[in-house]
Amino acid sequence: MQSSHTFTVESAVFDEQNLVSAAGLVPVLKLAEQAGLSRLIGEHVGLSSTRVKSGAVNPVGKLTSIIAGMMCGADSIDDANVLRAGGTPRVFDEVYAPSTLGIFLREFTFGHANQLAVVGRVHLTALAERTRLLPGIEQRAFLDIDSLLRPVYGHAKQGASFGHAKIAGRALLRKGLSPLITTLSTAKAAPVIAEARLRSGKTGSGRAAASQVKQAITTTRRCGAGKIMLRGDSAFGTKKVITTCLAEAIEFSLTMSRNTRITKAINAIDETVWTPVHYPGAVTDPDTGQLISDAEVAEIPYTLTIAGRRKVTARMVVRRVKDARYPDALFPVWRYHPFFTNADLSTTEADITHRRHAIIETVFADLIDGPLAHIPSGLFSANCAWLACAVIAHNLLRAAGTLAGGDHAVARGATLRRDLVNVPARYAAPARKPMLHLPAHWPRQTDWKTLWDNIFSYYPTAQPRAA
């Protein structure tokens with residue numbers, strides 16, 4: 001593709017006052033208001049200025065500006081400046097400069113960040129009532145918990161410390177901060193974020209997991225969940241987490257760390273009960289019709305002693321595969337992967353369901369490709385507030401994709417930003433009637449208009465669920 005005109009140095013001029021670079025913010029922020037975002041911020045977030053006299057003024061406008069910037073792709077405070085370009089300040093009220101937003105974030109304490117987290121929980125509940133964000137939640141909802149390490153640089157980041165990370169299969173130490181994330185999904189829905197908490201880099205993956213799980217269960221039930229299953233890796237297969245699941249009467253499917261007792265239980269499984277497992281998308285041999293896979297599963301009852309010397313007996317499901325390090329061994333050498341569950345699924349279904357815990361990695365990819373590409377502030381509490389805003393922005397994008405329909409209901413965050421949010425438009429107001437003139441032949445025109453119609457046509461505004 002080549003230019004059809006001859007341009008000169010004077011051909012490019014930044015002088016368009018009515019061009020809006022992210023017209024998709026209009027319906028998405030309208031959806032946020034229908035779910036009560038501004039009202040919830042006003043009710044729950046109360047800051048008092050300590051550093052700058054006017055720093056904590058108008059938290060509603062400043063927090064919604066940060067969230068809007070994140071939905072445009074902002075991964076730092078300076079990136080929020082995109083909201084001040086062209087005609088965007090004419091379309092939205094209370095568009096703030098990045099310097100003002102930075103001062104505002106520095107007014108946050110850890111307690112104020114927790115207030116903002118409450119806003120995120122209640123707003124998620126309202127979004128679930130307003131849209132089909134979580135179809136099938138009445139049957140079974142899945143909570144997935146995991147942590148990640150976001151690297152930081154320099155010496156001014158509060159809470160930054162060296163923690164363990166794995167890159168390309170290699171374990172190493174990286175200096176950073178460690179968010180603990182709990183996602184909520186169903187068999188038909190892409191995951192949203194139910195809980196998030198920022199911790200120092202050296203914090204163990206499972207620290208404070210039990211309290212976060214308990215809060216996530218409460219949020220999930222307010223979204224209308226029937227059965228709830230918690231999934232996690234070996235860092236979360238702890239007695240505290242299992243005790244919390246039992247106290248809340250939910251299912252769990254948690255990987256277990258190998259020890260002598262577990263190894264003894266695995267060795268006690270009869271060789272005849274191992275069953276080949278057919279994973280979705282598995283390949284079969286065209287000649288024999290057998291699976292080109294050596295994965296097998298079996299289960300055995302296992303008793304675990306938890307808090308108060310209580311004994312809990314549930315199922316230990318074990319998946320085994322041949323160890324690739326010994327391809328020519330005389331006898332098969334197996335690698336065993338056990339997990340502890342009280343689900344009522346069959347052995348193979350329990351294994352397939354447990355392995356879908358990896359869906360949380362899609363949320364991590366969205367956060368790393370968006371708001372958590374950088375940890376913007378030197379103050380730990382400001383970064384906690386930034387993470388809480390990232391949670392709200394992520395859930396809003398997911399709800400907008402649901403209203404747009406089609407593949408956008410399960411699309412990546414970058415795709416939603418490209419197709420639905422970062423759409424240029426020219427703002428006009430003939431006869432004082434606001435209009436957005438969008439590009440002709442926009443490839444996602446039908447989906448974008450579906451989103452617009454679902455939000456601006458008559459649609460009952462969600463009311464907060466009674467506590």
Side-chain angles (χ1 to χ4, degrees), residues 21-22 25 28-29 32-33 37-120 123 150-160 176-177 179 196-201 367 370-394 396 421:
S21 60
L25 283 178
V28 176
L29 288 181
E33 295 309 307
L37 180 59
S38 294
R39 175 181 57 80
L40 292 171
I41 293 174
E43 291 176 357
H44 293 281
V45 180
L47 285 78
S48 57
S49 298
T50 57
R51 295 176 177 85
V52 178
K53 185 175 182 180
S54 61
V57 172
N58 192 16
V60 174
K62 293 173 182 176
L63 285 172
T64 51
S65 292
I66 295 171
I67 293 168
M70 289 179 173
M71 288 189 290
C72 291
D75 58 24
S76 66
I77 298 173
D78 284 343
D79 288 348
N81 214 15
V82 69
L83 300 177
R84 304 173 71 205
T88 306
R90 297 186 63 187
V91 177
F92 299 101
D93 294 327
E94 300 176 333
V95 177
Y96 288 91
S99 57
T100 303
L101 299 179
I103 292 172
F104 170 71
L105 285 175
R106 286 191 287 272
E107 296 293 337
F108 271 77
T109 65
F110 186 70
H112 294 137
N114 287 338
Q115 293 174 356
L116 186 54
V118 173
V119 173
H123 193 247
R150 297 304 302 136
V152 300
Y153 307 94
H155 304 283
K157 296 283 187 180
Q158 287 184 351
L177 295 169
R197 182 177 300 171
L198 191 64
R199 309 169 305 166
S200 65
L367 292 175
L372 295 191
H374 305 282
I375 304 293
S377 179
L379 297 180
F380 184 79
S381 54
N383 289 326
C384 290
W386 181 267
L387 176 61
C389 289
V391 170
I392 297 173
H394 175 87
L396 259 177
V421 177

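Only this structure's heavy atoms are used, side chains among them; waters, hydrogens and symmetry mates stay out.
The shortest distance between side-chain heavy atoms of T64 and I41 falls below 4.5 Å. A heavy-atom distance below 4.5 Å is found between the side chains of L396 and H123.
S200 pairs by the side-chain hydrogen bond (donor to acceptor under 3.5 Å, both in side chains) definition with T203, not counting sequence neighbours. Residues satisfying the side-chain contact (heavy atoms from CB on, under 4.5 Å) criterion with P179, sequence neighbours excluded, are L148, R150, I181, L198, L372, L387. For D79, the side-chain hydrogen bond (donor to acceptor under 3.5 Å, both in side chains) partners are S76, not counting sequence neighbours. Partners of P98 by side-chain contact (heavy atoms from CB on, under 4.5 Å), not counting sequence neighbours, listed by chain and number: I77, D78, N81, R84. Evaluation of the side-chain hydrogen bond (donor to acceptor under 3.5 Å, both in side chains) rule for T109 yields H112 as partners, not counting sequence neighbours. Judged as a side-chain hydrogen bond (donor to acceptor under 3.5 Å, both in side chains), and not counting sequence neighbours, the contacts of R199 are S178. Looking at residues two or more places apart in sequence or on another chain, you find a side-chain contact (heavy atoms from CB on, under 4.5 Å) between V391 and I193, A196, N395. Residues passing the salt bridge (Lys or Arg N to Asp or Glu O under 4.0 Å) test with E43, sequence neighbours excluded: R39. Residues passing the side-chain contact (heavy atoms from CB on, under 4.5 Å) test with A68, sequence neighbours excluded: L25, L29, L83.
Atom-to-atom distance recorded for F108:CZ and C384:SG is 10.5 Å, nearest 0.5 angstrom. For the atom pair NE2 of H394 and CD1 of I392, the computed distance is 12.5 Å after rounding to the nearest 0.5 Å. Here the straight-line distance linking atom CZ of F110 with atom CZ of R197 works out to 6.5 Å at 0.5 Å rounding. Taken to the nearest 0.5 Å, the CD atom of Q158 stands 10.0 Å off from the CG atom of L177.
Put simply, the side chain of W386 gets close to the backbone of P371: a donor and an acceptor are under 3.5 Å apart. Between the side chain of K157 and the backbone N or O of S377, at least one donor-acceptor pair lies under 3.5 Å. In this structure, K62 contributes its side chain and G55 its backbone to a donor-acceptor pair below 3.5 Å.
When every heavy atom of V45 is checked against every heavy atom of P59, the shortest pair comes out as O-CG, 4.3 Å. V82 approaches C72 most closely through the heavy-atom pair CG1-CB, 4.4 Å. In plain terms, the two heavy atoms of A385 and L105 that are nearest each other are CB-CD2, 4.0 Å. Smallest separation of non-hydrogen atoms from S21 and T88: N-OG1, 4.3 Å. Considering every non-hydrogen atom in both L63 and C389, the closest pair reads CD2-SG, 3.7 Å. The shortest heavy-atom contact between G370 and D75 is O-CB, 3.1 Å.
Listed by first and then second residue, the side-chain hydrogen bond (donor to acceptor under 3.5 Å, both in side chains) pairs involving residues 92-101 are N58-E94, N58-Y96 (not counting sequence neighbours).
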